[in-house]
Protein chains: 2
Amino acid sequence: MSKATTRETLLDAGWEILASRGFNHAGLDLIVQSAGVPKGSFYYYFPSKQAFGLAVLDRFAARISEQLTQYLDDETLSPLERLRRLSESLLACLESRGCRQGCLVGNLCQEMADQSEAFRERLDAIFQDWRGRYARCLRLAQAAGEIPEDLDPEAVAEFWLCGWQGAILRAKAARSAAPLRTFLDIMFGSVLRM
Amino acid sequence: MSKATTRETLLDAGWEILASRGFNHAGLDLIVQSAGVPKGSFYYYFPSKQAFGLAVLDRFAARISEQLTQYLDDETLSPLERLRRLSESLLACLESRGCRQGCLVGNLCQEMADQSEAFRERLDAIFQDWRGRYARCLRLAQAAGEIPEDLDPEAVAEFWLCGWQGAILRAKAARSAAPLRTFLDIMFGSVLRM
């Protein structure tokens, strides 16, 4: 494998293992074994397990960021329709995994925010980025007269991300997408209703 | 210490450690040391670490259940006011801990729902109990004409619990109660608004 490939193979294996076992419970042996990489080479790419965890998180955030761009910047759709399609796409993705694993950002936030300031800061920055992007689209929806004028786009974006993270968590315990569906129904049918 | 006291001391120490470190990362040595109990006696009270974790969870759920009863069954208040006071009480409790630790049910759900069917079932049952109690109070609020008639109390209760869990998670990363406040503002000011 080339250098870039080995690093990416480790990050991909890391995502899978961190998402299902958490950070503290993800042994390096398991990660290198799952990536098919000799253990010695792990430290060639990452100075520490924490640096590796943060790199896995960044890679995950970059992928979600691409998905946000794909939907929220699609000018062929109305702003509210962009939010709707994005939500359906995220729901379909979670459902295709049987509502297991959840969202790596939510998982690591729950597990690591109190234990590592480096993780907490990175996670907070990711949430803030997402919130800004949802808020921008909500502002466009307001300008287009699609949602009530008296809503505060930043606050609704924060509310939305909180609710969605909670619905993902709840869907894990229920092992059903029903909480995700309920969340979207009330979000679109009640909070954003004109 | 009496038998009952030793068991409870272990459970209290367990709550503190599980809430801040998670289940997998909570070593038995740390738990017995923190409880001031010899390690040998742990297995006198609990057949396994999982049985201990489930007992800690049950004890936490019982305390929240008392809090729900205290507020949601208070017939001196209107149903909507009961929900409002309960929410303020939960927020104050989280804020008093600097928004650290979060909710043990949410934490264990995030960490354990995929790893242990015993945990997942117990967590799902706790969520369902909470949902039923919120839904009952919402139904009373509807009957009293305090919230819109066209809301589905069960769905709104599910939405509420999801949103609240997500806001707790978000508050950990932000290390601020602002997401909890935003959640309640929109819940009461938008979803439940007449």
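What you see is a predicted model; the values in this text were computed from it and never measured. Quick note on labels: first sequence line is chain A, next is B, and so on, each numbered from 1.
Put simply, OG on Ser176(A) and CG on Asp124(B) are 9.0 Å apart, with the number rounded to the nearest 0.5 Å. For the atom pair Thr182(B) OG1 and Leu161(A) CG, the distance stands at 11.5 Å (nearest 0.5 Å). Cys162(B) SG to Trp164(A) CH2: the interatomic distance, rounded to the nearest 0.5 Å, is 10.0 Å.
For chain B, the nearby part of Arg131(A) is the side chain; its heavy atoms alone come within less than 4.5 Å. Proximity to chain A is limited to the side chain of Asp150(B), based on heavy atoms less than 4.5 angstrom apart. There is no contact between Asp152(A) and chain B, counting heavy-atom distances below 4.5 Å.
In terms of heavy-atom pairs under 4.5 Å with chain A, the best-connected choice from Arg122(B), Gln115(B), Glu111(B) is Gln115(B). Between chain A and the options Gln101(B), Met112(B), Gln128(B), the largest number of non-hydrogen pairs under 4.5 Å is found for Gln101(B).
Using a 4.5 Å cut-off on side-chain heavy atoms (C-beta onward), Gln110(A) and Lys172(B) make contact. In this structure, the side chains of Phe127(A) and Leu169(B) come closer than 4.5 Å at one or more pairs of heavy atoms.
Leu151(A) and Leu140(A) fall into different hydrophobic clusters, where Ile, Leu, Val, Met, Phe, Trp and Tyr are joined by side-chain heavy atoms under 4.5 Å apart, directly or via other members. Residues Leu123(B) and Trp15(B) are members of one and the same hydrophobic cluster, defined by side-chain heavy-atom contacts under 4.5 angstrom among Ile, Leu, Val, Met, Phe, Trp and Tyr.
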> Is there a salt bridge (Lys or Arg N to Asp or Glu O under 4.0 Å) between Arg97(B) and Asp114(A) once you walk through the steps?
Replying inline: CA-CA 11 Å; Arg97(B) 288 186 274 117; Asp114(A) 289 347; over 6 Å; no
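With Gln165(B) contributing its side chain and Arg170(A) its backbone, the two residues share no donor-acceptor pair below 3.5 Å. Using modelled atom types, one side-chain atom of Arg175(B) and one backbone atom of Ala113(A) make a donor-acceptor pair closer than 3.5 Å.
Close approach to chain A, defined as a heavy atom under 4.5 Å from one of its heavy atoms, is seen in Ser20(B), Arg21(B), Asn24(B), His25(B) of residues 16-28 of chain B, taken by number.
Surrounding CD of Gln33(B) are at most 12 heavy atoms belonging to other residues, nucleotides or ligands under 6.0 Å away.
Side-chain rings of Phe159(B) and Phe188(A) stay apart, their centers remaining 6.0 Å or farther from each other.
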